[in-house]
Each structure stands twice: as structure tokens, then as C-alpha cells.
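Keep in mind that this is a model prediction, so the values were computed, not measured. Note on naming: letters A, B, ... go to the chains in the order of the sequence lines (proteins, then strands), and numbering restarts at 1 for each one.
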2 protein chains.
Amino acid sequence: MNAFLDDLLLRRRRVQSALADAAADGALFASDVHLFYLTGRVFNGWLYLPTEGAPVAFVRRPADCDLPVEAVRVHRPDDMLGWFSNAPGQSRPKHLLFEADTLSYSDYMRLYSLFQPEKAGNVSAAMRRVRMIKTPWEVEQLRLSSQRHAEVYAEIPDCFHPEMTDLELQAEIERRMRLHGSIGIFRTYGPNMNIFMGSLLAGENAEAASPFDFALGGAGQTPICPIGANGTKLTDGTAIMVDMAGNYTAYISDMTRVFSVGRLSEKAYRAHGTARDIMAAAEVVMRPGLACSELYSMAVGMAEKANLADCFMGTRQQAKFVGHGIGLEINEPPVLTPRSKDALQPGMVIAFEPKFVIPEVGAVGVENSYLITETGAEKLTHFEEEIISLT
Amino acid sequence: MNAFLDDLLLRRRRVQSALADAAADGALFASDVHLFYLTGRVFNGWLYLPTEGAPVAFVRRPADCDLPVEAVRVHRPDDMLGWFSNAPGQSRPKHLLFEADTLSYSDYMRLYSLFQPEKAGNVSAAMRRVRMIKTPWEVEQLRLSSQRHAEVYAEIPDCFHPEMTDLELQAEIERRMRLHGSIGIFRTYGPNMNIFMGSLLAGENAEAASPFDFALGGAGQTPICPIGANGTKLTDGTAIMVDMAGNYTAYISDMTRVFSVGRLSEKAYRAHGTARDIMAAAEVVMRPGLACSELYSMAVGMAEKANLADCFMGTRQQAKFVGHGIGLEINEPPVLTPRSKDALQPGMVIAFEPKFVIPEVGAVGVENSYLITETGAEKLTHFEEEIISLT
């Protein structure tokens, strides 16, 4: 527990350093992700973190919430003001930051009107930058998720039986995930980024474009959540790309493997080999200082050289990234795009996912999660990377 | 398909009538729920609905999105302005409503700065009022979800085996749900209202308070999602309350049943009987015009008369409602609270859920979904309401 509390303090100091950079007096947090990041718990209420000094949690519910920081019971937002008036050494922050990218406009305005800071700012982007560099405890959580992730993938051949659909296979994998401790909830950043427990794509469905910013699409089973498996029969010659959530702790690992029913087309195996080559090349070059855009252009360059550019990261709709940070949310910075200004840094944990969509067959490729260390990249997701035959 | 399109038109007209009441020129929608409500699809982009005339969808992704309304391809929000300048008979709305309760502050400000309306307003509350009254197609979707919901609950005795935990039982129920067509995604309204596929509460865990506005709590399996099952062993004398999601269509039915391992305490059976009595009494009185607050006070009154007020809707933390509207989200208006100003209206679909928490045993009670008709209430969730023994 001490390691956890030390880590919490480290995270808090990093956030306070970002607040100091913004010349703010403090920030008020309301999102579950940031309440958890700064206290290790989710509660109904707010956390005020001053740029200097200790945070205070204003807790609406539950009344018996056990927090590692000072907790003040409140019923309404207004009750926070009383604390600022009465607590010794505290004054209402003049320059206050809010989570403007996730708070609703109405909630933002309510808090803003309440505190009436002389100056207000947005802490969201800074928090995403701070969270981009994982602390030791966070890295351990990601290791744990990665390990369980691999354990579940090892059971996938047992989940398959002939004549089943992609949705049936996914339901069985979901059950194994839950039995291995998956917490169910799969956190994404951004509005309308809906997905349930990950993505399983087979056959033609791998080509279907989705509205979302995920690497690949799929038609989905319902127009209210148009992504992923759609009831495709897993017949001979079908590639099944499994990219299910690594949500075994609050920190989400990301890992994709491909399974085959019968023999796939030669192009599918060739493209999978190219994806593995791209992965191997990335493993050689990934180290602090490498530009994220470099990783992207290296991947695209290798796809072009293999004459596979037209099916790299999709066909009808091609994702313009080959990887991304992971953590409390599945889509954290940095994003490995052609126009990224980021370079790799020690403590980043990124998913790298070169993938190809082969019309009528499905998607092939590999995705692994990596911790960027002082000297290179350490793979967290250890599992067979060849296409695994289910038949 | 025609019935669906007719219904879409009906929904659109109701929204337009609300826009007219607000004296607005139109509203701009970005949330998945409202894109679906007004087009039957989710896409990445915006829907502009003028108070009079036809809507236009501004679609970023997917490019080939098949919509039942005029669709304009856009890449950035700014591209919308071009359409308003060039489309015949269109002018930029002077009084424009936004989804201020769900749009982030940053997104709101971006759209507001773009459109620079003379007057801006919030369409969120009005949308929740419109959606409160279900259309014929929506009612059919809720019927379908309710039916599948009951089919899955009928399989619960097959899911149980001695020595299992609440989480293991839940995982098996989740699998059956998915095989019966559950879409996985479980929509709630409001920030940080996280829950995964529903709630299963057993034994002492039923008393654990949660941060969320759900009827009951539970400690959950992780501090990042502190609600629901927590690994409790399902031993003799334990009541298992199953309140899993009815997400078999985009519209979510709500239904709770109780299962027992061995014999429960007499108080548990008595409280369950009282919950059933409350349900029966509600079925008699529910009809258009009945105040929602009346339903609440009737339920509390019956709980008091049975000397069970201290465990009604929780013990350490008691929910202050006995039911709520359902639809595209699990927590829609009206809410059956003591201070509700709403009365029942034909077309409302509500979940009524009198529940008691019995220390050391678990939670008992019943929840059904009802359609309010012209003359009364029609139950949608048909399934055995006694406590069902698993042993």
C-alpha cells in the first residue's frame, strides 16, 4: 500500500507542476478518470488540487468513502465555497482550471458561476500530457493487464467451434475475459467513442467503415453502436482479428492477434508477414527521442514497398495512425500519426498496431503494447504472433 | 421499413414542436443518442434540425453512411457554414440551440464561436422531455428488449452452480445475454454514471453504498468502477438480486428478479412480499394523470406500514426514488421521487422497482417495466416474480 501512496504523491506532484506551468492557483476535477488518477477511487463529487499543498475531496456520495486525502462531505456544489471561506490558510482560487474538454457546458458554467475565478482555464490537455508518462505503479498495472490479456488470448482456440458466428465467438471470449478479472468497463476518450469490450473482425466485415476513431471498423450488430462484429459466419478462409479490451485493471493493455479458419489467401499471409516485419522494425528503432511521425512513416513506407499501401489500416476508410498511448483510457497520447509533434519518452506506454484489411478474408496484423524505457522499448504483451489456426 | 420512417418523422415533428416552443430557429445535435433518435443511425458529425423544414446531416465519417435524411460530407466543423451560405432557402440560424448538458464546454464553445448565433440556448432538457413520451416504434423496441430480457432470466437457474461467486454468475448471465442479442453497450445519462451490463448483488454487498445514482449500490470489483458484484461467494442463505441490462435493442428494458441459495431469512421473504404488494398496488393506480410523487409516497407508506422503512431502497444509503423512465438511456424522465412535478402520461415507459436490502442476506424486491396507456399501465416484463430458488 505504501508503494501505491508514494505513487499517488508522485502523480499529484506532476499535476501540480503542470498547474504551476499554467500559472494557475489550482484545478477542480470532476471526471472519474481524474478522481481515480489523483485519489485511487471514484466518488460522486469534486477534487480540488491547489498548485501548492494538499488536495481536498468534496464528497457527495458515498458518505463512507475511504479516501487517502482530506475529505469534506458536501450535498450541493455550493457547499464547496463554505470550505474555502472557513478552512485555515485557504482562499478561493483566483486562477482556476476546469476539465473543459470533458465537463459538459452546463456543468462547467455551474462551477464557473460558483467560483467566479478572475481567470479560468482548461486543465484537460495538460492532464493528458501528464498522464502520457506513466508512473511505476501505473506501469505495474499495465503489466498485470497485459499478462491477463495474453492468458485469455491463449484460450481463444478453446472458444471456437465450427459454424459459429463472430458474435458467438466474441461472447465466449468476453466470458473468459470476465473470468480472468476483466472489469468490463472499457474507457475511451472523446464524445461518442462507443465500443463494447473490444473489437472482433472477420471476413468482409473488416472492410466496413465506422464513425469512430478506432484503427479498424466493422458494421456492428446495431445502428446505435456501429462497430465491430456483425454476425459474420466464421467459414473456411476467414481471418479473425481479435482486438479485445485489456481491461483487467483500471489500466488498459492493447493487443491484437489473428486467428484463421481453414487456409487463408496467400495475400493474407504475406500481409501478415509484412505487419510482423513492421513490428520488428519498430522494436529496433523505438527509444526516447524517436519522433512518433517517424514510426508512422516507417510503417507506411514498408507497406508501400510491399505493395500493400491500399489495404494498410483499412481499405474503404484508412486510419491515419499506427498506434497510440494507453492507460486509464484506450486512446491516450501520443498518437502515432504523420503530423504528430511528439517524440517517444521514457514512461510512455504505447500500442503499436500495423494492420492490413484483405477484402473477403478479413484483417491481419499484430498489435502489442510497449513500455518506452531509457534505452528502448519493452514489450508487455507476450503471445504468439503468427496467424493461429483454429481448425 | 415504412413504419420506421413514419416513426422517425413523428419523432422529428415532436422535436420541432419543442424547438418552436423555445422560439428557436433550429438545433444542432452531436450526441449519439440524438443522432440515433432523429436519423436511426450513429455517425461522426452533426445533425442540424431547423424548427421548420427538413434536417441536414453533416457527416465526417463514415463516408458511405446511409442516412434517411439529406447528408452533406464535411471534414471540419467549419465546413457546415459553407452549406448554410450556399443551400437555397437556408440561412444561418439566429437563435440556435445546442446540447449544453452533454456537449463538453470546449466543443460547445467551438460550435458557438463557429455559428455565432444572436441567441443560444440549451436543447438538452427539452429533448429529455420529448423522449419521455415513446413513439409506437420505440414501444415496439422496448417490447422486444423486454421479451429477450425475460428469456435470459429464465436461463439463470442453468447458470448457477454451487460454490460460485457473484462475478462468476454474472459472467455466465452476460454470456447468455450476448447470445440472446444483447448489444453490450448500456447507456446511462449523466457524467461518471458507469456501470457494466447491469447489477448483480448478493449478500452483504447489497448494503455497500456507491457513488452513483442507481437504485442500489454494491462495492464492485475495482475502485475505478465501484458498483455491483464484488466477488461474494454465493453460499446458503444468500439472496441474489439480478438487475441486468435489457439492452437487446437500442431501447433498454429494466427488470429485476431475486434468486435464492438455500433458505433465506423470514424477513427477506416478508420484505419481498411487501415489494410485490407495492408493485400490485402501483399496477392498480398507475394511469395518466397520477403524480409520480404519489407513486413514491405510496411505496414508502407501504414500506413504513410493514416496518421496513429502514431497509427500503437501501440501508446505509437509501435511494430517494422508486422508479424512472427508460428508453435509449436507462435513466430517463420521469423519476419517481417525492418531489417530482411530473404526472404519468400515455406513452411513458417506466421502470418501477420497490426493493429492500436485508443485512447479511442481500436485496429482495421486484422491478418491472410498464407502458403507460390511455387507461392504465401495461406490464412489458413478464416473468415469475416470486423469489426463485437455485438449490
- Item | Interface moiety of A/M109 toward chain B, non-hydrogen atoms closer than 4.5 Å | side chain
- Item | Contacting moiety of A/L328, where chain B heavy atoms sit under 4.5 Å | side chain
Output all donor-acceptor pairs under 3.5 Å across chain A and chain B; consider backbone as well as side chains.
unit_1: A/A30; atom_1: O; unit_2: B/N192; atom_2: ND2; d: 2.8
unit_1: A/D32; atom_1: N; unit_2: B/N192; atom_2: OD1; d: 3.2
unit_1: A/D32; atom_1: OD2; unit_2: B/N194; atom_2: ND2; d: 2.4
unit_1: A/V42; atom_1: N; unit_2: B/P223; atom_2: O; d: 3.3
unit_1: A/N44; atom_1: ND2; unit_2: B/P211; atom_2: O; d: 3.1
unit_1: A/R61; atom_1: NH2; unit_2: B/D213; atom_2: OD1; d: 2.2
unit_1: A/A100; atom_1: O; unit_2: B/Y105; atom_2: N; d: 3.3
unit_1: A/A100; atom_1: O; unit_2: B/S106; atom_2: N; d: 3.0
unit_1: A/A100; atom_1: O; unit_2: B/S106; atom_2: OG; d: 3.0
unit_1: A/D101; atom_1: OD1; unit_2: B/S106; atom_2: OG; d: 2.4
unit_1: A/L103; atom_1: O; unit_2: B/Y105; atom_2: N; d: 2.9
unit_1: A/Y105; atom_1: N; unit_2: B/A100; atom_2: O; d: 3.3
unit_1: A/Y105; atom_1: N; unit_2: B/L103; atom_2: O; d: 2.9
unit_1: A/S106; atom_1: N; unit_2: B/A100; atom_2: O; d: 3.0
unit_1: A/S106; atom_1: OG; unit_2: B/A100; atom_2: O; d: 3.0
unit_1: A/S106; atom_1: OG; unit_2: B/D101; atom_2: OD1; d: 2.5
unit_1: A/E174; atom_1: OE1; unit_2: B/R178; atom_2: NE; d: 2.9
unit_1: A/E174; atom_1: OE2; unit_2: B/R178; atom_2: NE; d: 3.4
unit_1: A/E174; atom_1: OE2; unit_2: B/R178; atom_2: NH2; d: 2.9
unit_1: A/R178; atom_1: NE; unit_2: B/E174; atom_2: OE1; d: 2.8
unit_1: A/R178; atom_1: NE; unit_2: B/E174; atom_2: OE2; d: 3.3
unit_1: A/R178; atom_1: NH1; unit_2: B/Q221; atom_2: OE1; d: 3.1
unit_1: A/R178; atom_1: NH2; unit_2: B/E174; atom_2: OE2; d: 2.8
unit_1: A/R187; atom_1: NH2; unit_2: B/I224; atom_2: O; d: 3.0
unit_1: A/N192; atom_1: OD1; unit_2: B/D32; atom_2: N; d: 3.2
unit_1: A/N192; atom_1: ND2; unit_2: B/A30; atom_2: O; d: 2.8
unit_1: A/N194; atom_1: ND2; unit_2: B/D32; atom_2: OD2; d: 2.5
unit_1: A/P211; atom_1: O; unit_2: B/N44; atom_2: ND2; d: 3.1
unit_1: A/D213; atom_1: OD1; unit_2: B/R61; atom_2: NH2; d: 2.2
unit_1: A/Q221; atom_1: OE1; unit_2: B/R178; atom_2: NH1; d: 3.1
unit_1: A/P223; atom_1: O; unit_2: B/V42; atom_2: N; d: 3.3
unit_1: A/I224; atom_1: O; unit_2: B/R187; atom_2: NH2; d: 3.0

- Message: For a quick test of reading the model, state the closest non-hydrogen atom pair linking A/F196 to B/G184 and the distance between them.
- Response: CD1-C, 3.4 Å
- Item | Taking every non-hydrogen atom, the tightest pair across B/V42 and A/P226 | O-CG, 3.7 Å
- Under 4.5 Å heavy-atom distance to chain B, tell me which part of A/A250 shows up: side chain, backbone, both or neither. both
- Query: In terms of heavy-atom proximity below 4.5 Å to chain A, should B/A63 be classed as side chain, backbone, both, or neither?
  - Reply: backbone
- Under 4.5 Å from any heavy atom of chain A - which part of B/M177: neither
- For chain A, which of B/A171, B/A100, B/G231, B/A30 has the most heavy-atom pairs under 4.5 Å? B/A100
- A/A208 versus chain B, heavy atoms under 4.5 Å apart: side chain, backbone, both or neither? neither
- Task: Mind ranking B/F212, B/F98, B/F186 by heavy-atom pairs under 4.5 Å with chain A and telling me who comes out on top?
- Result: B/F212
- Item | Heavy-atom pairs under 4.5 Å with chain B, option from A/G217, A/P223, A/A209 with the top count | A/P223
- Message: If I take atom SG from residue B/C225 and atom CD1 from residue A/I185, how far apart are they, to the nearest 0.5 angstrom?
- Response: 4.0 Å
- chain B contact via A/L103 - which portion, at a heavy-atom distance below 4.5 Å: backbone
